[in-house]
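See structure below.
One-based numbering, in listed order, for ligands and for the atoms of each.
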Amino acid sequence: MKFISTRGGGAVNGAQAIVRGMAADGGLFVPEAFPTVSKQEIASMIEMDYPERAAFVLHKFFDEYREDELLSACREAYSRFEEEDAAPLVKVENGMYMLELFHGPTCAFKDMALSVLPFLLKRGCELSGIKEEILVLAATSGDTGKAALEGFKDAAGVKVMVFYPEDGVSKMQKLQMSVQEGDNVNVVAVRGNFDDCQRGVKKIFASDDCAKALKEKNVLLSSANSINIGRLVPQIAYYFSAYCDLLSSEQIVYGDKVDFTVPTGNFGNILAAFYAKKMGLPVGRLICASNANRVLTDFFQKGIYDSGRTLRKTMSPSMDILVSSNLERLVFEFSGRDAALTADRMNSLAATGKYSVRPDELKELRKSFAAGCTGDAEMVDCIYEFFTEYGYPMDPHTGVAMDVAVRYCEKRDEDPNAEKPPMVVVSTASPYKFPQDVYYALTGNDVKDSFKGIKRINLITAMNVPESLKAIRYKPIRFKQVVSADKMFDEVLKFV
Ligand SMILES: *Cc1c(COP(=O)(O)O)cnc(C)c1O
């Protein structure tokens, strides 16, 4: 299967698209055509375990990799999860489910893809005859960085470097990254917000000077952000998996539609759901949930993407983003795959912070998507009420999604003629990853220290504490460096 750029650049195979991370014309790689999954294939997936389901979906896109090697990579990756099932579906009540994606080594959904990306990348280099050392760069709003570091640590022939906004991640996220082990890793804080980090990394990717300087050192850049198609495809698998679990538990019959609500930042997770739909999965609506940084909510309302506002810091830091990179892929699809128009729009975004889509495109978008946003106060209430009613604790990102989902369903149910498909809320992080805010949500009280917060949440909820978070407490801090955004590439050069 070939991949093309959203801005018109030529076709490459999957291995090359993964290794490069981003197309040379500044666009993002997308499949030339979407592979399809038939009813029979979905029926056969019901019998599979999670690694088999994931390998099946990966092979649909990356057919130059052998299916058996994809399967053994997935088996290895998901064996590092703390639950037997890497993506369990939990029933809350009739018609409402949680898809738990936080049982990986870093307790957020980024592990679903970043546990297998190292294999895809290393094998991709072999398949493409690439001999250089690979430097994986990531900008992180908190969770990608740790998951990339954990996925790539001590991998031969690969170095990984993570930039995060100095004051834009939670205490636990910062601590997780600062104690990272491995000889091939580096973590640097940037003075600025996530958008500054992401812009800095994209600039390094786009710069000929940077490429030249790295070439002299025999280093090739790749990306662990969801701009990399190797990040997106493993995320498609869990939407199929959720559907199969609904089928096998007889909550639905084949062909029934299912809605998903996804807490959204860079638009990678929800885009994977849309790709599953394009492949033939009976998906109804996708509800894009945002926090106070409601750029996407406004976009789906008005058809204008306007990043020209101040980034607000919220309790869901992994969604504190104004420029959602993967929206480019969606806009490309809904423009009728018009690469020239997509390039124009992205140039306008870079120059003016804005672009708009036509009314006919917006109308089509709104058939597949709904959007909503919620503030910290409402999210906190939602976590409290949900725990009181169902005994189920959520992290703040999942809390945003739940609050938006509940309001969406209430509004929908007022209309007697509306379809009412089951709702799956995608749960993207463990509540223990944000212990102080979750403790506050559950009790209205503050707790001074993250680990005390973990202990108290455990006393209230009796939910198991992830081993990986317990272990952090006793690890030495390795990374403390802070630089300004214009010095990011200097740090890269020092590291390689
Ligand atoms: C990254 C992240 C998100 C946002 O996902 P995108 O793919 O960037 O939209 C939501 N919740 C958590 C916990 C995350 O780590």
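- Taking distance alone, with nitrogen or oxygen atoms compared against 3.5 Å, G268 approaches ligand 1 more closely than that limit.
- Using cut-offs of 30° and 60° on the angle between ring planes, the pair F369 and F334 is perpendicular.
- Counting protein heavy atoms only, atom 2 (C) of ligand 1 is closest to K110 NZ, 2.4 Å.
- With no hydrogens or angles considered, no side-chain donor-acceptor pair links R231 and N228 at under 3.5 Å.
- With a 4.0 Å cut-off on non-hydrogen atoms, F109 touches ligand 1 through its side chain and not its backbone.
- Residue H397 has at least one heavy-atom neighbour below 4.0 Å for each of these atoms of ligand 1: 11 (N), 12 (C), 13 (C).
- In terms of protein heavy-atom proximity, atom 7 (O) of ligand 1 is nearest to N269 N, 2.9 Å.
- Looking only at protein heavy atoms, the nearest one to atom 10 (C) of ligand 1 is P263 O, 3.5 Å.
- Tested against T428, the residues N269, D143, L99, V400 include a single side chain to side chain contact (heavy atoms under 4.5 Å, CB included) partner, N269.
- Expressed to the nearest 0.5 Å, how far CE of M394 lies from OG1 of T461 amounts to 13.0 Å.
- Checking only distances, I321 never comes within under 3.5 Å of ligand 1, N or O to N or O.
- Side-chain contact of Q198 with N266: a donor-acceptor pair under 3.5 Å is present, judged by distance alone.
- S450 pairs with exactly one of K455, K433, R473, K171 by the side chain to side chain contact (heavy atoms under 4.5 Å, CB included) rule, that one being K171.
- In this structure, the ring of Y440 has its center no less than 6.0 angstrom from the ring center of F434.
- Tested against L327, the residues L296, L349, T264, L271 include a single side chain to side chain contact (heavy atoms under 4.5 Å, CB included) partner, L296.
- Looking only at protein heavy atoms, the nearest one to atom 15 (O) of ligand 1 is D143 OD2, 2.4 Å.
- The nearest heavy-atom contact from the protein to atom 11 (N) of ligand 1 is T428 OG1, 2.9 Å.
- The option with the heavy atom closest to atom 8 (O) of ligand 1, from among V400, N266, T144, is N266.
- Below 3.5 Å of separation, one finds no N or O of T264 facing any N or O of ligand 1.
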Evaluation steps, salt bridge (charged side-chain N to carboxylate O under 4.0 Å, His left out), between R199 and D195: CA-CA 6 Å; R199 209 176 308 117; D195 288 311; 5.7 Å; no

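- Note: no N/O pair closer than 3.5 Å links S226 and ligand 1 by distance alone.
- Protein heavy atom nearest atom 9 (O) of ligand 1, with residue, atom name and distance: G265 N, 2.8 Å.
- Residue contacts with ligand 1: A429 is placed with no nitrogen or oxygen under 3.5 Å of a nitrogen or oxygen of the ligand (distance criterion only).
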